[in-house]
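Below: the structure, in structure tokens.
Within every chain, numbering begins at 1; the chains are lettered A, B, ... in the order of the sequence lines, protein sequences first and strands thereafter.
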There are 2 protein chains.
Amino acid sequence: MTEYEILERTAPEAATAAGGERKRGIDRVIILLEALLRQRAPMRVGDIARLIGAPRSTTYEIVNRLLEADMLETVGTDGHVYFGRAMHLFGWAYSHHNAHYPRIIETLDRLAAESGETVQLCGLRGNKYVVLDSRDSVGPFRISSQVGVEVPIPWTASGRLLLSHMDDDAVRAFIPAEDYRLPDGRWLPQEDFLAAIALARRQGYSESAALADRFTWCLAAPILDGRGAMTLTLCFVLPVDTPEARRIELLALLRERAMGLGLVGD
Amino acid sequence: MTEYEILERTAPEAATAAGGERKRGIDRVIILLEALLRQRAPMRVGDIARLIGAPRSTTYEIVNRLLEADMLETVGTDGHVYFGRAMHLFGWAYSHHNAHYPRIIETLDRLAAESGETVQLCGLRGNKYVVLDSRDSVGPFRISSQVGVEVPIPWTASGRLLLSHMDDDAVRAFIPAEDYRLPDGRWLPQEDFLAAIALARRQGYSESAALADRFTWCLAAPILDGRGAMTLTLCFVLPVDTPEARRIELLALLRERAMGLGLVGD
DNA sequence: CATTTTTGTCCGATATACTAGACTGCGTGA
DNA sequence: TCACGCAGTCTAGTATATCGGACAAAAATG
């Protein structure tokens with residue numbers, strides 16, 4: 001089985017992208033970078049071309065230009081490419097533009113070190129939820145998570161907090177219908193989701209068991225930015241059998257630390 | 001004085017970019033992102049247009065497309081834009097593709113915490129030196145440094161290590177002539193630089209006093225990757241009056257930690 | 001070994017992305 | 001009030017970026 005066939009299997013919709021259409025370079029670049037992010041691994045130019053539905057010649061042209069600019073770099077000797085150093089610098093500039101980002105990361109580190117559990121920094125990207133950074137727990141059966149992978153918002157505890165500034169209609173308009181279908185096939189009733197958001201808003205935290213999968217229990221607390229908006233959350237991802245006493249203890253710790261990060265004028 | 005005039009002052013060459021030339025979108029995007037990185041602050045679209053020498057209509061077109069893709073995002077209410085969340089994710093993917101990047105960052109954190117000094121992770125980008133991450137010292141007169149700013153390689157201690165895989169001719173071809181001119185106006189003789197590289201190669205570390213500026217003393221040690229290549233360095237940036245005993249102590253610590261990071265098969 | 005697939009580069013034709021410039025509306029300062 | 005500069009959008013025309021396809025060389029495949 002070629003690498004491409006594997007790719008096609010994981011992202012068939014992209015592979016069937018309509019051919020014959022002329023697209024501009026910028027669009028190709030954006031599609032290419034998104035594809036590379038989803039793939040999370042270096043790819044060969046030929047495979048990229050097929051995956052994003054672009055002509056080979058065009059793909060070579062674009063990839064070479066991006067290599068020149070250091071936005072991509074070659075990996076290994078057989079023509080694989082992946083993100084380049086320029087991306088690191090752009091991304092660093094993005095994160096650190098928020099003046100207390102270093103404090104957020106420090107908090108993330110300390111929470112992980114003190115608890116030994118998986119801790120994540122989460123936010124939205126468009127109408128999806130993404131993990132922005134994480135510290136994975138250490139045990140033999142570690143619960144780890146993929147930074148940058150987009151997940152339907154209703155699958156997550158943090159999502160309930162991140163939407164708590166919206167009214168019901170805004171939420172209804174924001175979330176695509178298919179995102180209410182949980183990974184195990186169950187459909188989450190929209191009204192339940194709206195109620196959960198309201199609850200999260202009242203409580204100032206959110207908790208969910210066996211939502212995105214059967215074996216995790218998530219605790220999430222908001223980080224308020226300078227203007228009191230809730231654009232980031234900290235969250236614990238615990239094994240679902242964590243004793244209640246410990247969950248309560250960790251929730252308190254999480255809320256205290258998250259609270260300590262916010263509202264400190266910008 | 002408008003913001004633009006300030007910008008022009010700091011990057012006059014870009015502002016005088018030849019007009020009237022038609023460029024493709026990809027090139028505009030790359031130039032735009034580089035400009036934003038150099039500026040290290042949100043900019044308004046009009047100012048971007050002038051700074052990168054692109055027509056206003058084109059700049060709006062491109063900026064809007066990048067906003068849509070989350071590679072840029074609006075900041076504040078008066079039309080400023082800066083890097084967006086997608087950049088964070090691309091950059092994260094870049095750094096963490098190196099499997100032991102988390103260990104490198106952990107080492108950076110520990111060195112900073114234990115010493116209280118400024119510690120940096122450094123590398124090359126093209127034929128320039130860049131700081132990839134740093135932890136700044138805490139004292140009242142902190143020596144801080146800008147991640148992502150490009151600096152001529154001969155100005156840095158790390159640069160001597162990062163070129164140590166090249167022979168003299170390769171170095172001569174690699175470094176632009178004007179990069180031998182130090183910030184204080186002195187010219188560093190090329191032969192001295194080549195000798196310093198050879199010394200760094202023999203010693204396995206590099207040290208420089210009052211090179212990039214009058215008041216810092218830099219210590220650098222290499223991080224070897226899986227194949228023994230020297231693509232990253234860790235370095236201390238110390239006040240120039242740091243007692244010799246302490247410098248020796250810190251150098252030993254730095255070398256030990258940097259050594260501990262390398263050669264652990266990929 | 002012969003056969004097939006893939007890689008990387010090149011080229012001419014043309015659909016179109018980019019540009020110049022016009023236009024509106026807002027805010028500011030005289 | 002007017003004059004001015006800037007933000008943001010829109011349009012028509014053309015310079016050119018993109019595309020399909022051809023090609024040689026390299027790498028799988030049988």
Between P of C/dT19 and CG of B/Asp27, the distance in whole Å:
10 Å
Taking atom P of D/dG20 as reference, at what distance in whole Å does atom NZ of A/Lys23 sit?
12 Å
Charged N to carboxylate O under 4.0 angstrom, B/Asp27 versus A/Arg65?
yes
Any donor-acceptor pair under 3.5 Å linking the side-chain atoms of B/His96 with those of B/Asn98?
no
Hey, is the side chain of B/Arg44 poking within less than 4.0 Å of OP1 or OP2 on D/dA7, counting only N and O atoms?
yes
Figure out the CG/P separation between A/Leu67 and C/dG8, and round it to whole Å.
11 Å
Under 3.5 Å, is there a donor-acceptor pair between the B/Gln190 and B/Tyr180 side chains?
yes
Let's see if you can work this out: which of C/dT19, C/dT9, D/dT9 has an atom nearest to the side-chain heavy atoms of B/Asn64?
D/dT9
Would you indicate, yes or no, if C/dT19 has its OP1 or OP2 atom less than 4.0 angstrom from a side-chain nitrogen or oxygen of B/Ser57?
no
Could you state the atom-to-atom distance from CG of B/Asp47 to P of D/dG8 in whole Å?
11 Å
B/Tyr60 atom OH is separated from C/dC23 atom P, nearest whole Å, by 18 Å
Presence of B/Arg24 side-chain N/O under 4.0 Å of C/dC18 phosphate oxygens OP1/OP2:
no
A/His80 NE2 - C/dG8 P separation (whole Å)
10 Å
Rounded off to whole Å, could you give me the CD1-to-C1' distance for the B/Ile62 and D/dT9 pair?
16 Å
Along DNA chain C (nearest heavy atom to each residue), the more 5'-positioned of A/Arg56 and B/Glu61
A/Arg56
Keeping the roles fixed (side chain from A/Thr58, backbone from A/Ala54), state whether a donor-acceptor pair exists under 3.5 Å.
no
Is there a side-chain polar atom (N or O) of B/Arg22 under 4.0 Å from OP1 or OP2 of D/dT14?
no
Name the nucleic acid region contacted by A/Arg28, choosing base, sugar-phosphate or nothing; use a 4.0 angstrom heavy-atom cut-off, strictly under.
sugar-phosphate
Between A/Asp78 (CG) and D/dA26 (C1'), how many Å, whole number?
13 Å
salt_bridge(B/Glu61, A/Arg24) N-O dist < 4.0 Å
yes
